[in-house]
Amino acid sequence: MNAPRYRFAPSPTGFFHVGGARTALFNWALARQSGGTFVLRIEDTDEARNRPEWTQGIIDSLAWIGISADDPHFEGPLFQSEFFDAHLDAARRLHESGHAYYCEMTPDEIQARAAAEGTTGYGGWSRDLGLGPGAGRVLRFRVPAGTTVVHDLVRGEVEFDNATIEDFVLVRGNGTPVFILANVVDDMSMRITHVVRAEEHLPNTPKQQMIWEALGEQPPIWAHVPVLVNEQRKKLSKRRDKVALEQYREEGYLADAMVNYLMTLGWSPGDTEIQPWSAMEPVFRLEDVNKSPAFFDLKKLAAFNGDYIRMLSADELAAACEPWLPAEWDRAPFRQMVPYIQERLKTLAEAPAAVDFLYVHDPAVDQESWDKAFAPDYALALLRDVIGAYETCTWDHGTLKAAMEDLMTRYDVKLGKASAATRVAVTGRSVGPPLFEALEVLGRDESLRRMRDAVTRAES
RNA sequence: GCCCCCAUCGUCUAGUGGCCUAGGACACCACCCUUUCAAGGUGGCGGCACGGGUUCGAAUCCCGUUGGGGGUGCCA
């Protein structure tokens, strides 16, 4: 009966913000650990940003980070726009009870009058005019004198002097409700008990709390978690920063890594940062959430992702890479190479480039790598000898390596240097997965062909 | 301008008056390992913003300063 009800209330904007993802995760953990409910409410009251497909995008993104609409703790999606009547009904009640009044001043008029009086903002000039509803008239909340104290689970008690809060608009001149009203009315009708959202909403909170009280209801428990910032310490913005969760997904970040990383921003899962969701969910507490903004560090995210990639089995990794592999590629060689590229990947999207030399006829040759590999005077002769040895030996990486080791002693160089020319000849680059394993997968004929071509090229 | 929030290594954090000579992670540097590159191992660099209090004792409590951030719409 008194199971807590949390909510996540994004506005559909066409992409899913990583900051929103973290807020959702926090709410999700809280709802699940308490046997409560996570309500998804789409705040679509601004008709300018409202497309049906965007809602699906939100649901898909939530599902990707483990917040499934099929879970019994999940409720929704509910749409704010469908509660239009309830918003206006609340507005009417607020007006009738004297908590709100109509005002016909336009923004321009307000600005002009404020300037004339040497003040800023709206001075409550229409408060006692007794105006009724009418076209172009906005409904304003009559902010009472006194102070409003917000009890916040993350920040403690935050006190606001009501004198610093002007009579804000509840209903626009065109008759549509404003976010601040709709948000409260929806939370009320959805019986939300805990509002956990980003810190940018903290200044809204005293206003909303006043609305709750004016409507005769007990406000929910508030919690404002710190925002995510960029390297300039500014709130992550879609203009300048990479904030779309979908983009990270497309770039080959694992959902588990993203979830884990997001949870460490503003909160710590304990002794080790790398923790599965199942371990974090039950121990997450708002009281432990930090109060200061957290930098969204791509480098650390990538490090987490690398860790998670390495935790996968070879089969799992091969399957996870599937979306990034060209359709025409034969999967068998790729699967053989997976164990060798696993510890070299930071993202799944890097997988194709790590093995593409297996699939292209003549891999592009990196000139710098080539020059370096063939610079030593022994390089060409050694490569010829390798070809000779590889023409007849058993084709497995152990034998290939042994043959190379035999030659390296004759030229008195280490294995790395001895195989440099062969590596460039076969892969076009000086870096890549282990050479002999790659040769084994590539096959004798193709490997030798490339090595002979390299000899020809080196001679000319 | 006004209101509000915040302040531990470059970054994310542990720390809730003595266990702190402030711990871990990412990044960086060095070394080891080594089949290039990675991965892994070891070590290093590096921090309680500043100034006052309170206390036998402050990273931890209070005040101020400074510095960040958020909000200031008929957006959400």
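Chain identifiers are assigned alphabetically (A, B, ...) following the order of the sequence lines, protein sequences preceding nucleic acid strands; residue numbering begins at 1 within each chain. Both backbone and side-chain heavy atoms feed into the values below; hydrogens, waters and symmetry mates do not.
Applying the Watson-Crick and G-U wobble criteria (two distances, each under 3.5 Å), B:rA7 pairs with B:rU66. Summarising the base pairing, B:rC28 is matched to B:rG44 through a Watson-Crick or G-U wobble pair whose two defining distances lie under 3.5 Å. Applying the Watson-Crick and G-U wobble criteria (two distances, each under 3.5 Å), B:rU34 pairs with nothing in any strand. Across all strands shown, B:rA14 forms no Watson-Crick or G-U wobble pair with both distances under 3.5 Å.
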Do A:D356 and A:R429 pass the salt bridge (charged side-chain N to carboxylate O under 4.0 Å, His left out) test, and can you show the C-alpha distance, the side-chain angles, and the key distance before you say yes or no? CA-CA 11 Å; A:D356 60 357; A:R429 298 182 285 250; 3.1 Å; yes

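With centres under 5.5 Å and a plane angle under 30° as the test, the ring of A:H201 is not stacked against the base of B:rG71.
If you measure from atom CZ of A:F160 to atom P of B:rC2, you get 17 Å, rounded to the nearest angstrom. Atoms NZ (A:K291) and P (B:rC4) sit 17 Å apart, rounded to a whole Å. Atom CZ of A:R197 is separated from atom P of B:rG70 by 17 Å (rounded to the nearest Å). Separating the CZ atom of A:R344 from the C1' atom of B:rC37 is a distance of 6 Å, rounded to the nearest angstrom. Rounded to whole Å, the distance from CZ on A:F141 to C1' on B:rG73 is 18 Å. Across the protein-nucleic acid pair, A:F295 atom CZ and B:rC9 atom C1' stand 15 Å apart, rounded to whole Å. Here the C1' atom of nucleotide B:rA39 and the CD1 atom of A:I309 are 12 Å apart, to the nearest Å. If you measure from atom CG of A:N290 to atom C1' of B:rG68, you get 15 Å, rounded to the nearest angstrom.
For A:V365, the side-chain contact (heavy atoms from CB on, under 4.5 Å) partners at least two apart in sequence or on another chain are A:W370, A:V424, A:R457.
Side-chain atoms of A:D271 stay outside donor-acceptor range of the base of B:rA14, with no qualifying N/O pair under 3.5 Å. A donor-acceptor contact under 3.5 Å links the side chain of A:K300 to the base of B:rC12. If you check distances only, the side chain of A:R233 never reaches the base of B:rU11 with a donor-acceptor pair under 3.5 Å. Below the 3.5 angstrom threshold, one finds a donor paired with an acceptor across the side chain of A:E273 and the base of B:rG24.
At a threshold of 4.0 angstrom between heavy atoms, the contacts of A:K401 include nucleobase atoms, whether or not backbone atoms are also involved. A:P433 comes within 4.0 angstrom of a nucleotide base, judged by non-hydrogen atoms across all strands.
Classification of A:E368 and A:K372 as a salt-bridged pair fails, no side-chain N sitting under 4.0 Å from a carboxylate O. Using a 4.0 Å cut-off between charged side-chain N and carboxylate O, A:D241 and A:K234 make no salt bridge.
No cation-pi contact links A:K401 to A:F436, judged by a cut-off of 6.0 Å to the six-membered ring centre and 45° from its axis.
For the pair A:K234 and B:rG68, the criterion of a side-chain N or O lying under 4.0 Å from OP1 or OP2 is not met.
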